[in-house]
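Data first, discussion second: the structure below is written as structure tokens.
Just so it is clear, the structure is predicted and the values come from calculations on it, not from any experiment. Throughout, residue positions are numbered sequentially from 1 according to the sequence presented.
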Amino acid sequence: MDRKQAFTAEPKIAYFSMEIGLQNDVPTYSGGLGVLAGDTIRSAADLQLPMVAVTLMCRKGYFRQEIDSEGRQMEFPVDWTPEKHMKLLPQRVSVEIEGRTVQVQAWLYEVHSITGGVVPVYLLDTDTPENAEQDRSISHSLYGGDDRYRLKQEIVLGIGGVRMLDEFGYYGIRKYHMNEGHAGFLTLELLNRFKKDIEDVWDERLVWNFDEVRELCVFTTHTPVEAGHDKFSYDLVREVMGEVVPMKVLRDVGGADVLNMTLLGLNLSNYINGVAKKHGEVSQSMFPGYEIHSITNGVHSYTWTCDDFKSIYDEYLRGWANEPELFVRIGRIPDSKIWAAHQSAKRKLIRLVKKITGVTMSPDVLTIGSARRATAYKRADLLFSDIERLRRIGKGKLQVIYAGKAHPRDGDGKRMMERIFAGAKSLGDDVKIVYLPGYDMDMALKLVSGVDVWLNTPLRPREASGTSGMKAAHNGVVNFSVLDGWWIEGHIEGFTGWAIGPEPVENSLSENMDSKDAEDLYEKLETLIIPLYYNDRTAWIRMMQNAIGKNAYYFNTHRMMRRYVTEAYIR
Ligand SMILES: *Cc1c(COP(=O)(O)O)cnc(C)c1O
């Protein structure tokens, strides 16, 4: 074995995530969290970091989305063939669930980089013939089912995952990185492993080596909303998981009244971070007793750059994919090349829109894109607050493309989609608006590269980071967004893009700024964005360059992983 192989053959970081966006047709992701996990792993492979990853199998995926003409979402299981993408391994481990022994097997998917780096990803699967029917389905549906189902999945991921890595002989793991609280049970497995071998202690808590476990754990939180944290009643935990550790210990580290997976992560990690500066602060105020750092998210540059831009970057910024800092030299690329690459990507998107919806859009009309999880706080319908004003401002000068899935149980999110459809109908040909069904990674790349402006209108401060705007920036697409998450750090008004609404001041969730934000949205569209697009192409291209040179330059997972290594992993 040569030195390089020996290095990657012994992973030191185990990355755990409930979902990972490995590639478009492997449906083991639902949205931002999973795509971030995939980008993390792709950058780790490029940088040859000694990492191994663990996730759930999801044989039925998240769901396949169809939308009827009224905007009503329909959900179907995803059909896919795991054997085409990954290899089933013979090893087995078991976990206890509801008093039964459940067998867990693993599939291996390898992420290979052209630099020679490899990150093995293990997808845990309970669908084996020796398991009872109800246990076989544990690894079927991502975020499906009820609390009990979720709890079982998290037992498989956290406890089964640590056991599986042992089974494979990964004895050199120095850090277990929990990507969100879903993987929190790995701490309990580690607690058991490092239990001190002492008898007759006066306080049974002394046998638990919390410090040693903390030394091994890194926890990244992803939601600034209390309700977004996974919580389970202790009755349910006792029924489903039994006493993996004594209840008294579990309550000490997981919360007195309910088991809060975020608290498990916080109490048993010695490095904790939020995913943008603002999110770190919001999390810090939610959990004042802990030291919460922040490492702002990024996206994997090569994955999220469309072919048209890849070829001009290859020509003018050789080596950019493994060194996104080279975007600082964006000024070397002639304006005409940037514009031609952009128009080519735009025409491809317009062809896709035609194919899916039958609607003919124009490559010469300012096009706004907005695609994200359809959930109330993202306020995708903010643009429709005043339909007649939108018609007046945008008539013949604006077209809009939406996409995004609502979680099957998110009624508000689904109604929001219906409002967008109703708005589109009322605007008719004055302002063409389409909503593309089946948002996934492939469609995301076509959207973020094919529109002119990327719009994001979350309710502050609920957007922990957001990453699709970073993807847009990689393709010279300018952001027009509420100052929340990453955009607080990436925004320079009139230079990298535009803000919607006021500067963020406080961390409270109660402020409601719908009307102020909508006012600002219309005002800037009418007086700044539309005139600039149609009247000053040179200035517009300057902003595209700034999106690349200032936003893509920084908001990539290569920079992010270097920070995880120096700040979280090597401590
Ligand atoms: C990037 C991406 C997301 C996350 O986008 P946000 O801006 O964080 O909402 C969600 N889904 C898909 C398919 C993506 O590619």
Side-chain angles (χ1 to χ4, degrees), residues 15 17-46 53 55-58 60-67 75-82 84-86 109-113 119 121 123 142-143 179 222 297-310 321 345 348-349 352-353 355-356 369-374 378 401-407 435-451 454 456 465-475 477 552 555-558 560:
Y15 183 77
S17 183
M18 182 82 132
E19 49 169 314
I20 302 182
L22 294 166
Q23 63 180 68
N24 192 60
D25 41 358
V26 173
T28 55
Y29 68 96
S30 82
L33 185 74
V35 173
L36 174 80
D39 285 355
T40 296
I41 292 166
R42 285 182 277 274
S43 276
D46 289 342
T55 188
L56 268 196
M57 179 59 191
C58 311
K60 302 210 165 127
Y62 181 46
F63 66 88
R64 186 169 60 77
Q65 178 195 49
E66 286 183 20
I67 309 174
E75 297 128 19
F76 303 91
V78 187
D79 247 337
W80 67 296
T81 319
K84 272 220 288 247
H85 308 281
M86 48 192 79
Y109 179 103
E110 287 181 351
V111 176
H112 286 264
S113 163
V119 174
V121 180
L123 297 99
L142 182 60
Y143 305 132
N179 187 40
H222 287 265
N297 280 165
V299 297
H300 186 251
S301 300
Y302 192 76
T303 301
W304 294 109
T305 299
C306 69
D307 290 342
D308 295 295
F309 271 83
K310 272 179 182 158
K348 287 176 193 166
L349 175 62
L352 181 74
V353 166
K355 195 174 124 203
I356 297 180
S370 183
R372 45 204 23 101
R373 198 150 47 87
K378 301 255 190 185
I401 307 177
Y402 283 99
K405 295 176 175 178
H407 185 279
Y435 198 113
L436 305 182
Y439 187 42
D440 59 14
M441 288 170 69
D442 271 2
M443 185 182 284
L445 178 56
K446 293 195 175 99
L447 280 168
V448 296
S449 58
V451 300
W454 193 247
N456 191 17
S465 165
T467 52
S468 59
M470 305 173 185
K471 300 171 191 167
H474 274 77
N475 297 282
V477 168
F555 298 97
N556 57 74
T557 39
H558 273 49
M560 183 190 88

Begin with the C-alpha distance, continue with both residues' side-chain angles, and end with the deciding distance and a verdict on side-chain contact (heavy atoms from CB on, under 4.5 Å) for Lys471 and Met441.
CA-CA 11 Å; Lys471 300 171 191 167; Met441 288 170 69; over 6 Å; no
Where do Glu19 and Tyr62 land on the side chain to side chain donor-acceptor pair (under 3.5 Å) test, with the steps shown first?
CA-CA 10 Å; Glu19 49 169 314; Tyr62 181 46; over 6 Å; no
Check against side-chain contact (heavy atoms from CB on, under 4.5 Å), His300 and Asp46:
CA-CA 10 Å; His300 186 251; Asp46 289 342; 2.7 Å; yes
Assess the residue pair Thr557 and Val299 against the criterion (side-chain contact (heavy atoms from CB on, under 4.5 Å)); give the C-alpha distance rounded to whole Å, side-chain angles, the decisive distance to 0.1 Å, and a yes or no.
CA-CA 5 Å; Thr557 39; Val299 297; 5.5 Å; no
Let's go through Tyr439 and Arg372 carefully: what are the C-alpha distance in whole Å and the side-chain angles of both, what is the deciding distance for side-chain contact (heavy atoms from CB on, under 4.5 Å) to 0.1 Å, and is it a yes or a no?
CA-CA 8 Å; Tyr439 187 42; Arg372 45 204 23 101; 5.5 Å; no
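Considering only heavy atoms from C-beta on, Ile41 stays 4.5 Å or farther from Tyr109 through its side chain. Using a 4.5 Å cut-off on side-chain heavy atoms (C-beta onward), Tyr143 and Met18 make contact. Using a 4.5 Å heavy-atom cutoff, the side chains of His474 and Phe555 are not in contact. Using a 4.5 Å cut-off on side-chain heavy atoms (C-beta onward), Thr55 and Thr28 make no contact. You'll find the side chain of Phe63 reaches within 4.5 Å of the side chain of Lys405, heavy atoms only. Here the side chains of Ser449 and Leu349 are not in contact, with every heavy-atom distance at 4.5 Å or above. Contact annotation: the side chain of Ile401 approaches that of Leu436 to within less than 4.5 Å [non-hydrogen atoms, C-beta and beyond]. Residues Met470 and Trp304 have side chains not in contact (no heavy-atom distance under 4.5 Å, counting atoms from C-beta outward).
Put simply, the side chain of Asn24 gets close to the backbone of Asp442: a donor and an acceptor are under 3.5 Å apart. At distances below 3.5 Å, at least one donor-acceptor pair connects side-chain atoms of Asn556 with backbone N or O atoms of His558. A donor-acceptor distance shorter than 3.5 angstrom exists from the side chain of Gln65 to the backbone of Gly404, with no hydrogens or angles considered.
Take Lys348 and apply the salt bridge (Lys or Arg N to Asp or Glu O under 4.0 Å) test, not counting sequence neighbours, and it matches Asp308.
For the 3.5 Å distance criterion, the side chains of Asn179 and Ser17 qualify, holding a donor opposite an acceptor.
Residue pairs meeting the salt bridge (Lys or Arg N to Asp or Glu O under 4.0 Å) criterion with at least one partner in residues 25-40, sequence neighbours excluded, are Asp39-Arg42.
Within a 6.0 Å radius of NZ in Lys60, other residues, nucleotides and ligands contribute 12 heavy atoms or fewer.
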